[in-house]
Amino acid sequence: GGISFTDGVNITGSITASGIDNLLYLQSGATGTPTLRFEQGTTRRAFLRYQNAGQFDIINEYGDVTFWTGTSGSESQKMTVKQSGNVGIGTTSPEVNLHVFKGESGGAAANTDSSLVLENDSHTYVQFLTPTNKESGLLFGDNDNDNGALTYSHNTNNMTFRAAGANRMTLVGSTGNVGIGTTSPSA
């Protein structure tokens, strides 16, 4: 069984539910917006809200949104979304749009034009895992989405540098030959 209310309910204190499958339902009409609102005193602070268009919102009106994991009493903060929109994974103080932190680098602060920072107290890599018959790489775009590039072909094991929309230099993996202006260097 359960208790249903057709009008609002105000509860002062805690609600405890015991049992195996405890559910809290927030149900609205077909085009409604079910919302769980958090208040301190009479000041609203945060919401969990489902929008009719299929969007789920987490809203904190007075600070950051943080995600924690761990076990009973030893939880730690894993991800932070700052009010500025910067996201930190492994850091509570992301310096740019996305800051992935594994360890303190001891280096300078991030360049203000950076969108992505990967920080570690040891070696740091960006790894691309692709099938053996595909290519991976870094693309640099302006009016063209890949005007410049550094690509690796897993099929041929060649590394290619592209500038101004054309392949300019190729390192042939099987021989170590470098080609400037050609993709098939013989020496």
> Distance-only, no hydrogens or angles: does the Asn60 side chain make a donor-acceptor pair with backbone N or O of Tyr62 under 3.5 Å?
Replying inline: yes

> Ser105 side chain to Gly107 main-chain N or O, any donor-acceptor pair under 3.5 Å?
Replying inline: yes

>> Please report the interatomic distance CZ(Phe47) to CG(Leu36), rounded to the nearest 0.5 Å.
In response: 10.0 Å

> Does the side chain of Ser153 pick up a donor-acceptor pair with the side chain of Glu135 at under 3.5 Å?
Replying inline: no

> Minimum heavy-atom separation for Glu104 to Asp121, with atom names?
Replying inline: O-CB, 3.2 Å

> Can you get from Phe38 to Ile58 by hopping between Ile, Leu, Val, Met, Phe, Trp and Tyr side chains that sit under 4.5 Å apart?
Replying inline: yes

> Would a distance-only check, ignoring hydrogens and angles, find a side-chain to backbone donor-acceptor pair under 3.5 Å from Asn147 to Gly141?
Replying inline: no

> Just wondering, do Val96 and Ser115 contact through their side chains at under 4.5 Å, heavy atoms?
Replying inline: no

> Is there a side-chain contact between Gln83 and Asp64 (heavy atoms, below 4.5 Å)?
Replying inline: yes

> What residues, two or more places apart in sequence or in another chain, satisfy salt bridge (Lys or Arg N to Asp or Glu O under 4.0 Å) together with Arg162?
Replying inline: Asp146

>> Are Val65 and Val100 connected into the same hydrophobic cluster when the rule is that any two of I, L, V, M, F, W, Y join if their side-chain heavy atoms are below 4.5 Å apart?
In response: yes

> Quick one: does Val178's side chain get under 4.5 Å of Met169's, heavy atoms only?
Replying inline: yes

> Judged by atom type as modelled, is there a donor-acceptor pair below 3.5 Å linking the side chain of Thr182 to the main-chain atoms of Gly179?
Replying inline: no

> Under the side chain to side chain contact (heavy atoms under 4.5 Å, CB included) test, which residues partner Leu116, sequence neighbours left out?
Replying inline: Leu98, Leu118

> OG1/Thr69 to CE/Met79 distance, rounded to the nearest 0.5 angstrom?
Replying inline: 11.0 Å

> Which heavy atom of Tyr50 sits nearest a heavy atom of Thr33, and at what distance?
Replying inline: O-CG2, 3.1 Å

>> Side-chain heavy atoms nearer than 4.5 Å, only ILVMFWY residues, links allowed to pass through others: does that put Tyr152 and Val172 together?
In response: no

>> Side chains of Thr124 and Glu119, heavy atoms from C-beta outward: is any pair under 4.5 Å?
In response: no

>> Are Phe128 and Leu138 packed together at the side-chain level, in the sense that at least one heavy-atom pair is separated by less than 4.5 angstrom?
In response: yes

>> Between Ser114 (side chain only) and Asn111 (backbone N and O only), is there a donor and an acceptor less than 3.5 Å apart?
In response: yes

>> Is there a continuous path of hydrophobic side-chain contacts, each under 4.5 Å between heavy atoms, that joins Val81 to Trp68?
In response: no

>> I'd like to check Lys82 versus Pro94 (side-chain heavy atoms, cut-off strictly below 4.5 Å). Are they in contact?
In response: yes

> Does anything in residues 25-48 pair up under salt bridge (charged side-chain N to carboxylate O under 4.0 Å, His left out), and if so which pairs, sequence neighbours excluded?
Replying inline: Arg37-Glu39, Arg44-Glu61

>> For the OG1 atom of Thr170 and the CE atom of Met159, what is their distance to the nearest 0.5 Å?
In response: 10.5 Å

> Is Leu139 close to Asn145 at the side-chain level, that is, under 4.5 Å between some pair of heavy atoms?
Replying inline: no

> Do you know which two heavy atoms are closest between Gly173 and Asn158, and how far apart they sit?
Replying inline: N-OD1, 3.2 Å

> Could you give the distance from OG1 (Thr92) to NE2 (His99), rounded to the nearest 0.5 Å?
Replying inline: 10.0 Å

>> Do Val87 and Val126 sit in one hydrophobic cluster, given that two such residues count as connected whenever their side-chain heavy atoms are within less than 4.5 Å of each other, even indirectly?
In response: yes

>> Regarding Glu95 and Asn86, do their side chains bring together a donor and an acceptor under 3.5 Å, going by distance alone?
In response: no

> Would you say the side-chain atoms of Arg168 pair up with the backbone N or O of Ala163, donor to acceptor, closer than 3.5 Å?
Replying inline: yes

> Quick one: do the Thr132 and Lys134 side chains pair a donor with an acceptor below 3.5 Å?
Replying inline: no

> Are any of the side-chain heavy atoms of His154 and Ser136 separated by less than 4.5 Å?
Replying inline: yes

